[in-house]
Amino acid sequence: MKPHQADGILVAAVGEVSGRAVAAEAALVAAGEGGVATVLTCRSSKRRATLLNYREAGVLRDLFADAGLSGVEVCARGRLCFVDMDEAISLECIARVLDLIPESCPFVLELDRRRYRTVLEGLSHRFGRLILVPDQSSGETGELVAEIAFSQAADLVPTVELCRGAPGRIASRRLLAGLNPCLGKWPARRRPERAGQSGQATPLVLGAVFVLVLAATALVLITGAITGKARAQTAADLSALSAVASMKDDLPRLLAPPTLPNGLPNPAHISKAQYLARARFSGVKAAVGNGVSPLRLSFTFPDRISFAPVRVRVAVRSSVRAGGSPGSTSDWAEARLGSPIDMGVVPAVASGGGYSGSLAERQGQGMRPDIAVAFDAMSAAAAGAGVTLSISSAFRSDAEQAALFAANPDPTWVARPGTSLHRCGTELDLGPPASYGWLAANAKRFGFVQRYSWESWHYGFNRGPGPCSAAGNSISAADPRAGPTGGLPAFVPARFRRLILAASMKWGVSAALLAGQLYAESNFDPDASSPAGAQGIAQFMPSTAAAYGLVDPFDPVAAIDAQGHLMSDLLKQFGSPALALAAYNAGPGAVAPCNCIPDYPETQAYVAKIMALLGGLGTFAPMPMEVALVR
């Protein structure tokens with residue numbers, strides 16, 4: 001029998017409370033007038049069949065009984081077929097029971113707090129709706145626990161509802177007999193459906209949430225409801241910034257390969273569901289620390305369907321008084337993780353110094369292309385050892401050196417204009433200070449030497465052409481400027497690998513850069529379309545497609561070739577991968593006036609996630625990220 005896909009209802013009690021009556025009510029509502037449904041539980045109830053039950057419910061009972069499943073008791077009651085499974089039943093057995101349910105029959109699985117997390121993590125794809133039942137007897141603590149569980153579950157199930165007001169005793173007895181009482185409605189909070197997202201939230205993350213709840217309950221009870229728009233806005237700002245700071249810390253783990261080369265799971269990798277759950281947890285923690293009840297918070301991730309969300313919006317409901325009457329309002333803040341606006345301002349060709357060749361950009365600094373490639377290798381090795389390298393200075397023109405010397409006129413520390421090797425594009429000032437020990441022990445392996453014993457940060461490149469030489473000026477920048485073209489990341493589907501490599505070789509653009517773009521644009525979907533009108537695997541707008549002779553943007557062969565052509569032109573125009581990506585997303589007209597990444601949230605996020613992805617793969621040196629409020 002074909003299994004249900006995301007059409008079931010999961011009812012979970014998150015305290016010392018039963019959700020059986022709520023499950024029965026949800027099943028009857030889903031079945032509609034005169035219909036039957038299945039209610040499954042992981043507890044032994046010893047229910048007896050009622051004399052009044054629908055024939056279709058009896059058919060369902062016989063279907064389960066004939067399957068001969070051990071540890072499963074079945075009875076028909078009114079319009080419901082109850083399937084009571086043993087408390088220790090495995091996830092595999094639960095899945096087999098679900099597979100027995102006819103596709104046309106609604107089903108509800110009711111769980112207590114002991115089984116809720118396990119089933120949610122393992123079988124979330126079988127459910128399209130989750131109803132959380134808080135422990136009303138615990139007061140605000142129960143509400144707090146349920147609200148946090150609500151936030152976590154929203155990453156795993158498309159629609160989540162919080163039940164406030166379960167059926168009373170008499171109504172519950174009728175519901176458990178499969179009969180219609182006066183069906184009440186509980187206030188429901190729903191999340192919009194998401195496009196094809198699934199994931200696993202680890203027990204560690206969920207467990208940490210409940211630890212936070214218990215630790216923060218006293219604070220919330222003392223401070224009570226937040227009042228005043230100014231305080232609400234401050235809380236929203238801090239919560240959003242904290243959530244995005246978590247994203248900044250976790251982005252390398254999200255982008256890390258899920259498996260190691262030997263095929264074993266990569267312990268450094270986290271799923272997108274975990275990534276978002278940890279961000280939400282940090283936002284809740286910041287709000288609680290500022291005296292705001294989590295019951296007044298809501299989180300959304302505007303770019304959550306992308307492979308690496310970097311934006312979060314937090315809303316805080318606040319109590320206000322207008323004209324002496326109490327009321328409520330909502331204040332919100334949006335924060336994003338992006339690249340600095342001035343990333344990519346390095347010119348394509350050096351001038352005004354001892355080097356007049358092409359410049360490659362790394363971390364907003366220009367350098368000779370072969371030095372950039374060597375730095376990439378050294379930066380990747382340092383990252384593998386837990387060390388992050390940053391570049392504070394690289395190529396400097398004579399005019400820039402003169403200004404620096406005027407501010408610090410000591411030749412021991414700053415060379416006189418016209419004498420510094422920085423004018424040759426072969427020197428790097430590196431940091432932070434915590435990296436000096438690693439650099440001293442390892443830099444030589446990559447061709448870098450410490451120029452002066454008293455400058456722990458200054459390293460020069462001693463392989464290849466000498467500084468300020470004609471041979472150095474002639475080094476090609478077509479490929480090093482955008483990263484090496486040879487290798488393709490493992491996330492590229494097999495059917496597109498040859499097409500990307502062909503476009504890379506034809507147009508002289510990094511294959512990894514093209515692959516990262518396609519991943520961000522469409523997740524390699526040739527049939528993708530956007531509300532703005534972008535089409536195909538490379539998301540060409542019709543006007544751009546026409547300009548590059550792309551007749552059918554939905555043809556991946558032609559689209560990837562046109563993508564390579566466009567990126568080649570943008571790299572030539574702007575001289576850096578970061579600016580080329582920004583121009584691809586926002587248009588050259590938005591980039592050219594300032595020669596920078598425009599301060600558009602979508603473009604900032606687009607450039608940041610692709611550069612972070614390629615930095616994590618070692619294709620580029622990791623790019624600095626900044627946390628900023630959008631609103």
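Values below: every heavy atom of this structure, side chains too, minus hydrogens, waters and symmetry copies. Because the structure is a prediction, the values reported are computed rather than measured.
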Measure the shortest side-chain to side-chain distance between Arg278 and Ile270 over non-hydrogen atoms and say whether it is less than 4.5 angstrom. yes
For Gln517 against Ile610, the heavy-atom pair lying closest together: CA-CD1, 3.9 Å
Run the side-chain contact (heavy atoms from CB on, under 4.5 Å) test on Val39 and Phe107 for me, step by step, so that the C-alpha distance in whole Å, both residues' side-chain angles and the decisive distance to 0.1 Å come before the verdict. CA-CA 6 Å; Val39 177; Phe107 68 93; over 6 Å; no
Is any side-chain heavy atom of Phe524 closer than 4.5 Å to a side-chain heavy atom of Val492? yes
Is there a side-chain contact (heavy atoms from CB on, under 4.5 Å) between Asn290 and Thr234? Walk through the geometry before answering. CA-CA 9 Å; Asn290 284 274; Thr234 299; 5.7 Å; no
Non-hydrogen side-chain atoms of Ile94 and Cys42 separated by less than 4.5 Å: yes
Check whether any side-chain heavy atom of Arg253 lies under 4.5 Å from a side-chain heavy atom of Tyr275, and answer yes or no. no
Ignoring hydrogens and geometry, is there a side-chain-to-backbone donor-acceptor pair from Asp525 to Asp527 under 3.5 Å? yes
If only atom types and distance count, is the side chain of Ser242 paired as donor or acceptor with the main-chain N or O of Leu238 below 3.5 Å? yes
Near Glu602 CD, under 6.0 Å, is it more than 12 heavy atoms from other residues, nucleotides or ligands? no
Would you please test Val74 and Leu63 for side-chain contact (heavy atoms from CB on, under 4.5 Å) and show each step? CA-CA 10 Å; Val74 188; Leu63 184 151; over 6 Å; no
Nearest 0.5 Å please: distance from the CZ atom of Phe64 over to the CG atom of Leu100. 6.0 Å
Quick one: are Val312 and Glu334 in side-chain contact, heavy atoms under 4.5 Å? no
Closest non-hydrogen atoms of Gly78 and Ala57, given as atom of the first, atom of the second and distance, are O-CB, 3.7 Å
Quick one: closest heavy-atom pair of Cys105 and Ala37, and the distance? SG-CA, 3.9 Å
If I compare all heavy atoms of Ala308 with all of Leu254, which pair ends up nearest, and what's the gap? CA-CD2, 3.8 Å
For Gly35, is there any backbone N or O sitting under 3.5 Å from a side-chain donor or acceptor partner on Arg79? yes
Can you tell me if Ser522 uses its side chain to pair, donor with acceptor, with the backbone of Ile537 under 3.5 Å? yes
Which atom of Leu297 lies closest to which atom of Ala287, heavy atoms considered: CD1-CB, 3.3 Å
State the CZ-CG distance between Arg20 and Leu111, to the nearest 0.5 angstrom. 13.0 Å
Does any part of the side chain of Phe281, heavy atoms only, come nearer than 4.5 Å to the side chain of Leu276, both counted from C-beta? no
With sequence neighbours excluded, residues passing side-chain contact (heavy atoms from CB on, under 4.5 Å) with Ala236: Gln233, Val316, Ala333
Student check: side-chain heavy atoms of Leu40 and Val108 closer than 4.5 Å: no
Between Asp303 and Lys609, does any NZ, NE, NH1 or NH2 come within less than 4.0 Å of an OD or OE carboxylate oxygen? yes
Distance from Thr300 atom OG1 to Arg313 atom CZ, nearest 0.5 Å? 5.5 Å
Do the side chains of Lys272 and Asp250 get close enough for a salt bridge, i.e. N-O under 4.0 angstrom? no
Examine distances only and state if a side-chain atom of Thr159 and a backbone atom of Arg129 form a donor-acceptor pair shorter than 3.5 Å. no
Side chain Arg311, main chain Ala605, donor-acceptor under 3.5 Å: no
Apply side-chain contact (heavy atoms from CB on, under 4.5 Å) to Tyr600 and Asn585, showing your working. CA-CA 10 Å; Tyr600 304 156; Asn585 179 261; over 6 Å; no
Residues two or more places apart in sequence or in another chain: which of them pass side chain to side chain donor-acceptor pair (under 3.5 Å) with Glu521? Tyr606
State, yes or no, whether a side-chain contact exists between Thr38 and Leu60 at a heavy-atom distance under 4.5 Å. yes
Write down the atom of Phe554, the atom of Gln535, and the distance for their closest heavy-atom approach. CZ-CB, 3.6 Å
